Amino acid sequence: MARNGHRGEQHGVMKNDDDDEEEEEEEEEEVVKKEKKEEEEEEKEKEEDGTPTKQPRCAEEQQQQQTMPGHRAPEPGAAGGSGGSASSTSSSTSSTTSTSSAAREGATATTSSSTTSSAAREGAASSSSSSSGGLPARTRRSSSRRSRPRTLLFWSGLLVYFEPKDITAEEEQEEVESLRSIRRYLTSHTAYGTTGVRDVHLELRDLELSGRTGTLHCIRFPTQDLPAFLQMARDKHFSSLHTELCATGGGAYKFEADFRTMADLQLQKLDELDCLIRGVLFTDSAASGNPASECYYFEDPSDPDRCIQRPYALRDPYPLLLVNIGSGVSIMAVYSENNYKRVTGTSLGGGTFLGLCCLLTGCSTFEEALEMASQGESTRVDKLVKDIYGGDYQRFGLPGWAVASSFGNMMSSDKREGVSKQDLARATLVTITNNIGSITRMCALNENINRVVFVGNFLRVNTLSMKLLAYAMDYWSKGQLKALFLRHEGAMVEMKNHSLRSSTLVYFEPKDITAEEEQEEVESLRSIRRYLTSHTAYGTTGVRDVHLELRDLELSGRTGTLHCIRFPTQDLPAFLQMARDKHFSSLHTELCATGGGAYKFEADFRTMADLQLQKLDELDCLIRGVLFTDSAASGNPASECYYFEDPSDPDRCIQRPYALRDPYPLLLVNIGSGVSIMAVYSENNYKRVTGTSLGGGTFLGLCCLLTGCSTFEEALEMASQGESTRVDKLVKDIYGGDYQRFGLPGWAVASSFGNMMSSDKREGVSKQDLARATLVTITNNIGSITRMCALNENINRVVFVGNFLRVNTLSMKLLAYAMDYWSKGQLKALFLRHEGYFGAVGALLELLHPS
């Protein structure tokens, strides 16, 4: 469960036109001519000395990472890929950034340049070559002075430029004209082309960096505008500085060849998360001397009218949980600058938000998607607790306004007609931020860390998402955790008559009826018994699952058969008509009912069928029903509990029985329109650990919107025929192979729906692909959250139940793989044959043996 998002402030990314630069261009032409003449003189001198003008380059210095073969069924979201951020090394200087466009991978690059002696430069070049896999650097001008750092450049849709303020007269005189031209260009503009922006408000002034004092400028532009950056690099003669460009993020791998061929620049690729953490810590300490605090939080995040930004002193920061939100999400536990670990990640990040918004609303940019989200109302799209229970779910303290099922209302065609594009964008954003908040809170609990900092491209110039994250953290942690932010952000079987929202009926037919009972049995009861047991179908949608009968069952001192009957909840009028026609009310018994429908349809039962309902707690009935059915089924030929062996190999993945003897403790994961996770220690001792609104309702609601389907069967049929890797962005799509630093295989999902940010890729996917990606997203997310709950509660037995899994082998196999992947083979996903009937069985037991 998660709260629907309140309205928040919306900020868009600035876009400015470039200034007229005719005078500057004329001046630069003179510079080029002058430089060319100087270079010709140098070349002549070097030829006389027998020194080559350039050291040879290696065409392929670093081996391409091996990608692990993908497989059809399991596609877990493991990576949580993010954009880029970086640091520099050329003159032992460090800093960091992250990309400007929320859902795009970027490369962040740095370079340092100075006027140095030839010997000093050659020494620095040798050092750089060894650290970058043998890529040779080039030598440049000579001078009698020792090297001093002058300029820093980062690339990743972001440029960070260090402008020294302590330039001596000698340096000014000796400064190469191309460097002077670059410095003038970067510092005299606040806009570059149509999308480049210098964030003046983020400048770090009077900053000491590697012994120099100056200003750190922050410049950004969308990663898709890389050609514009490379053109600027060529026009401004970046390569004439003869320094190596340090880069990080997925773009450092993706665009390496473009930098070399288009701008004559070599890249030294640095680890993304190393650079991110080092940069966060450096920037926070550096910003402490500036007027505006680097770190801040939102006070009163649950109240839009009182929610305001407050500074936060991030002194003595360790340990902290660092949540990096790019196209996906990575969560790191940081114990010191050099001691940290990646705790987990989720593929539902900024790429999911933008990819889904592009599909659902027709937008094409992050700014458009955010603008829509700021104007929408998610409660028209999401199903809330009060929509199911008529108010709060008091048994577990769930407020009526909390989201029970993200996109759950979209299962209804009438409600789909009543929503706007803005509502869909808002619901998408609320879904993503709620999910990140939930996972982050569990990580903080696991790692025993109470300081959580959110960073990444997704949050840059995005106050709306920050406020939603602040509320999610406050909600999930019950006010114990603040969300901190930084200013310098950078599968299928054939089925019929099956519905996700299903009502179930269990009927116990005694076999030991005496002659006296037979004679005394009222005609209406005899009529009901004959009707229920002589049919396997009722009307057009009701079904008796004969294969699930529990025969020779002893119940309340009687022996008989337990029949399992189901029909779609939307066909409730048909059930009530049957109840009226068969005179259920003439038996003068009270009907025990559980689930949201017991509240929602109570009046219909009373007015249409003259039946009174005794409403029972849903989760109490569920757990009682699971435990009873498992013990009762032990005497039947087919085992109640089972698992899938070899879930990572579709060709070898087969169902195996599992003996659920001595079951306690166990984690019970109930997947309906939303998801509830319970830790069960005995029949009468259990607690609700957590839940997520991304469940079966999200799957069907999104599939209805994305594919035009109208039933759960249609959605599953499409998903069984699709290929999610056309929709999702994988690790190898960002890093060119595995992300070996953290053991993330290339086939893992980095960003669910991440490829849908591209209009070209949107044109290449089918409805089946979209349905498959939706199912993979939901099951991966449930697997990830479940594994963290098992870790928190120290429970190694996990049972999945719920309507979503009934007659749904594809989803079960995906869940089995997700659990195997996330737990590294330590946890099995267990399933039960009587899926969806446990609540009804528990209600029957309560009728016979009130607790």
Side-chain angles (χ1 to χ4, degrees), residues 2-13 101-104 222 304 325-329 347-384 403 405-412 415-437 456-472 693-694 697-708 727 751-759 762 770 773-774 777-778:
R3 181 191 188 273
N4 57 290
H6 60 71
R7 287 287 186 90
E9 184 181 351
Q10 165 64 24
H11 291 257
V13 174
S101 185
R104 305 188 184 278
I325 311 176
S327 54
V329 183
S347 62
L348 278 80
T352 314
F353 168 66
L354 181 54
L356 275 175
C357 282
C358 289
L359 291 166
L360 295 172
T361 71
C363 71
S364 57
T365 68
F366 186 61
E367 292 76 21
E368 285 183 82
L370 270 184
E371 180 63 29
M372 285 184 176
S374 70
Q375 301 169 2
E377 181 52 70
S378 62
T379 57
R380 300 189 187 105
V381 178
D382 298 334
K383 185 180 289 294
L384 309 184
V403 181
S405 177
S406 298
F407 290 88
N409 282 340
M410 298 300 92
M411 295 185 285
S412 163
K415 292 188 175 178
R416 289 198 296 275
E417 291 174 1
V419 301
S420 65
K421 292 180 178 180
Q422 289 79 4
D423 297 336
L424 293 171
R426 179 63 167 233
T428 304
L429 188 60
V430 168
T431 297
I432 299 301
T433 53
N434 278 342
N435 191 64
I436 293 171
N457 323 335
F458 179 64
L459 300 178
R460 185 177 302 125
V461 204
N462 183 1
T463 304
L464 174 57
S465 293
M466 287 189 275
K467 288 184 174 181
L468 289 173
L469 277 169
Y471 184 80
S693 62
L694 278 80
T698 314
F699 168 66
L700 181 54
L702 276 175
C703 281
C704 289
L705 291 167
L706 295 171
T707 71
V727 178
S751 177
S752 298
F753 288 89
N755 281 340
M756 297 300 91
M757 295 184 286
S758 163
S759 58
R762 289 198 296 273
L770 293 170
T774 304
T777 298
I778 301 302

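Note that the structure is a prediction, hence the values are computed from the model and not measured.
The line from CD1 of I325 to CD1 of I436 is 4.0 Å long, rounded to the nearest 0.5 Å. Annotation: the span from S364 atom OG to E368 atom CD amounts to 4.0 Å, rounded to 0.5 Å. Annotation: the span from S374 atom OG to L464 atom CG amounts to 6.5 Å, rounded to 0.5 Å. Taken from OG in S378 to CG in L424, the straight-line distance is 11.0 Å, to the nearest 0.5 Å. Here the straight-line distance linking atom CD of E367 with atom CE of M372 works out to 12.5 Å at 0.5 Å rounding. Within the model, atoms CG of L359 and CG of L705 stand 10.5 Å from one another, a figure rounded to the nearest 0.5 Å.
Here the closest non-hydrogen pair linking S405 and G697 is OG-CA, 3.3 Å. Residue L469 comes nearest to G437 through the heavy atom pair CD2-N, 4.4 Å, listed as atom of the first residue, atom of the second, then distance. L354 and A369 make their closest contact through CD1-CB, 4.2 Å (heavy atoms, listed as atom of the first residue, atom of the second, distance). Between G326 and N457, the shortest heavy-atom distance links the atoms CA-ND2, 4.2 Å. Across all non-hydrogen atoms, the minimal contact from D382 to F407 is OD1-N, 2.8 Å.
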TODO: Test side chain to side chain contact (heavy atoms under 4.5 Å, CB included) on C358 and C363 and set out the steps.
DONE: CA-CA 5 Å; C358 289; C363 71; 4.3 Å; yes

Task: Criterion side chain to side chain contact (heavy atoms under 4.5 Å, CB included) on L459 and S465, from CA distance to verdict - done: CA-CA 7 Å; L459 300 178; S465 293; 4.3 Å; yes

Task: Step-by-step side chain to side chain contact (heavy atoms under 4.5 Å, CB included) determination, T774 to T707 - done: CA-CA 11 Å; T774 304; T707 71; over 6 Å; no

Task: Stepwise side chain to side chain contact (heavy atoms under 4.5 Å, CB included) test for N755 and V727 - done: CA-CA 5 Å; N755 281 340; V727 178; 5.7 Å; no

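M410 is not listed as a side-chain neighbour of L702, based on a closest heavy-atom distance of 4.5 Å or more. Side-chain atoms of Q375 and R426, non-hydrogen and from C-beta on, never get closer than 4.5 Å to each other.
Each of T431, L370, T433 was scored for a side chain to side chain contact (heavy atoms under 4.5 Å, CB included) with F353, with one residue passing: L370.
Remark: the backbone N or O of V419 is not paired with any side-chain donor or acceptor of D423 at under 3.5 angstrom. When atom types are taken as modelled, the side chain of T352 and the backbone of S347 share a donor-acceptor pair closer than 3.5 angstrom.
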